[in-house]
Structures are given as C-alpha cells and as structure tokens.
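For ligands, and for the atoms within them, numbers begin at 1 and follow the listed sequence.
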Amino acid sequence: MEILQKAIKIAEKAGKLILKESQETIHISEKGTNDFVTNVDQASEELIIAEIHKHFPDHAILAEESASTLTDTDAEYIWIIDPIDGTLNFTHAIPYYSVSIAVLKIQSSKHSKNYDYLSGELIAGVVHAPALGETFYAAKGKGAYFNGQKIQVSKAKTLKKSITATGFPSTNKEMNLPYYSKMLEKTQGIRRFESAALDLCYIACGRLDIFWEFSLSPWDIAAGSLIVEEAGGSVSDTNGNMLDLFGKDILATNGKVHKATIASFKNL
Ligand code: IPD
Ligand code: CA
Ligand code: CA
C-alpha cells in the first residue's frame, strides 16, 4: 500500500531528525502544567507535514502542535500526527518515545473547522521509536508488523496472567487511581512507560496484555489502535463502547481479557 509505505518512510525520516537534534541543546517550553513541547517536536512535525504536502497535496493534516490550524476537511484522507509521543521521556533522554502517524479515510467531516466532527476508517498507521530502533505498522485488513515481521497479540486468558500499562494525564491524574488500584490487585502488574502510541504497539506484539488511559488525544491513539486491531487485539473505550478517536479514553487488550477488564472497571 503506497500510503503506508510513505508513512513509514516519513516516520523514519522524522526519527533520524529527532536523534540528530537530541545531540544538541533541546529547548523546552511548557504548554500547560507538566505538558511540554520542545523545538524538536516542532521540527519533527514540520518535516512530517512538508513530506505529506509533497507526496499527497490533497490530503488534510491533523497534527498535535498545529491542531488548531486544521481547516481543510473536504479532503478524502486525513493524516493524524504526533511528532513525538512521550516528550517528557525525550526531554530526560529516556528512549521510550515515538513518532506516530495514522491515515484516516474520511467518511464524514460535516465541513466543520472543528475537527472533532471527523469520522472515518483508519487505513494505515505507523509508530516508530527511533532511539529503540523499533517500527510498528499496519494497513487495514493486511495484518500488523514489527520491524518487518508479522506480529500477534499475547495468549493470556485471565487478568491474573496479564501484565498491564496505563498513563496519567498532566492534569486530573487522580481520576485514574481507582482503575490503577483495581488492576494492581487483579493482574500481575502495571507499567507506566509514557508513550501511549508505543504502549498500544506493545499490546500488538504481545509484550503487554492490557493498556488503558483517560484524557488522550487522537494523535496519541490513531496509529496504535489500528496496529492492535490488525494484530488480533481489541480496542474500545473504557466502558466497552466503540472507540471514538476524539473520545479521550481507550482500552486495548489482546482480546481474550477485554470483557474481564471492562467488568473490573465497572462502577469505579
Ligand atoms: C503523552 C503520552 C503519554 C500520555 C499523555 C500524552 P505527549 O503524549 O502519550 O503516554 O500519558 O497523556 O499526552 O505529550 O508526550 O505527546
Ligand atoms: Ca502524545
Ligand atoms: Ca507529542
């Protein structure tokens, strides 16, 4: 698929730029409380947008650092971009961060400037972790891959045999604590890695069995959720309803423990 191949190339090109820039002084600014952006996030996003414009001039773009500038919703496709997912890790030289790029075929945009009216079908996704040398990708109906090898979710059938991950947003962190506490009690353990896009890929390749988080944005989860589904996993919101990319919360599992996880989350 041409779009996926291009998306992978673009993500890898952005990854090279990130690794090169990380050798220089990084300039960090705070967008909100504990919500950071660096000159490298911005440079990565500019590179990705320029590449998309070059190859697919008719496609629309929704990118984290310039999200408010999205206006073109007449396009057939929209690229959803997180130029660095895991910026906090990046600023501390922790290698767990990624570039996330997804392509959505638009079914309805209501011709609105307000991008949360968008709906459609994810057709391609890539999550590239440059400092780890790991690239995950999938095209709709074509399976999921990790560094060229086909991947599948884990075989764990019970919460007791599951290892999980979650994340805490920069504000309203407490909201996740009852869920954290419940999963601590019911599963083998919880990880907090700090890149939702990559956490989803860890579900896809079977390293993790369960991932959930609240207060996310479409660019955190678009690529990873397609990769999980293509690897045989399940993705929904934390109540078990169909995933809404703009709905903020997500639950992704290997599929076998999805129902049990939703049952544990009930009434929290
Ligand atoms: C963050 C990461 C993190 C999640 C945060 C996100 P950013 O994205 O995905 O894992 O817990 O809620 O905001 O800010 O590093 O792109
Ligand atoms: Ca992000
Ligand atoms: Ca980001």
At a 4.0 Å threshold, what atoms of ligand 1 neighbour a non-hydrogen atom of [X]?
X: T87; value: 15 (O)
X: R192; value: 10 (O), 11 (O)
X: D82; value: 16 (O)

Apply side-chain contact (heavy atoms from CB on, under 4.5 Å) to F36 and D41, showing your working.
CA-CA 10 Å; F36 303 100; D41 295 66; over 6 Å; no
Looking only at distances, can you tell me whether any N or O atom of S215, backbone or side chain, sits closer than 3.5 Å to an N or O atom of ligand 1?
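No: no nitrogen or oxygen of S215 is under 3.5 Å from one in ligand 1.
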For A196, is at least one N or O under 3.5 Å away from an N or O on ligand 1?
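Yes, at least one N or O pair falls under 3.5 Å.
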Give the intermediate values and the outcome of side-chain hydrogen bond (donor to acceptor under 3.5 Å, both in side chains) for residues T166 and N176.
CA-CA 9 Å; T166 189; N176 198 12; 2.9 Å; yes
[Y] backbone acceptor or donor facing [X] side chain under 3.5 Å:
X: N254; Y: K256; answer: yes
X: E45; Y: S66; answer: yes
X: N147; Y: T135; answer: yes

Against F168, only a single residue in F193, Y180, W212 fulfils ring-ring contact (aromatic ring centres under 6.0 Å, His included); can you say which?
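Per the ring-ring contact (aromatic ring centres under 6.0 Å, His included) rule, the option paired with F168 is Y180, out of F193, Y180, W212.
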Classify the ring geometry between Y145 and Y137 as parallel (under 30°), tilted (30 to 60°) or perpendicular (over 60°).
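Answer is parallel, since the angle falls under 30°.
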Give me the ring orientation class for F146 and F136: parallel if the planes are under 30° apart, tilted from 30 to 60°, perpendicular past 60°.
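Parallel: the ring planes of F146 and F136 meet at under 30°.
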Restricting to N, O or S, what is the name of the atom of D220 that lies nearest the Ca ion (ligand 2)?
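In D220, the heteroatom (N, O or S) nearest the Ca ion (ligand 2) is OD1.
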Nearest to the Ca ion (ligand 2), which N, O or S atom of D85 do we find?
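The D85 atom nearest to the Ca ion (ligand 2), restricting to N, O or S, is OD1.
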Do you see a donor-acceptor pair shorter than 3.5 Å between the side chains of D199 and Y96?
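A donor-acceptor contact under 3.5 Å links the two side chains.
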Any idea which protein heavy atom is nearest [atom], and the distance to it?
atom: atom 9 (O) of ligand 1; result: D85 OD1, 2.6 Å
atom: atom 15 (O) of ligand 1; result: G86 N, 2.7 Å
atom: atom 6 (C) of ligand 1; result: D220 OD1, 4.1 Å

Min heavy-atom dist I84 to ligand 1 below 4.0 Å
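The answer is yes, since I84 has a heavy atom less than 4.0 Å from ligand 1.
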For the Ca ion (ligand 3), the closest N/O/S atom belonging to E64
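So the atom name we want here is OE1.
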In plain terms, say whether K54 and E51 are close enough for a salt bridge, that is, a side-chain N and a carboxylate O under 4.0 Å apart.
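Salt bridge between K54 and E51, a charged N being under 4.0 Å from a carboxylate O: yes.
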Report the part of S195 in contact with ligand 1, treating N, CA, C, O as backbone and CB onward as side chain, heavy atoms under 4.0 Å; options are side chain, backbone, both, neither.
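Only the backbone of S195 comes within reach of ligand 1.
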Mode of K248 contact toward ligand 1 - side chain, backbone, both, neither (heavy atoms, under 4.0 Å):
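Contact part for K248 vs ligand 1: neither.
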About how large, to 10 degrees, is the angle OD1 of D82, then the Ca ion (ligand 3), then O of I84?
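Rounding to the nearest 10 degrees gives 80°.
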Going by the closest heavy atom to atom 4 (C) of ligand 1, which one wins out of E213, E194, E64?
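Among E213, E194, E64, the closest heavy atom to atom 4 (C) of ligand 1 comes from E213.
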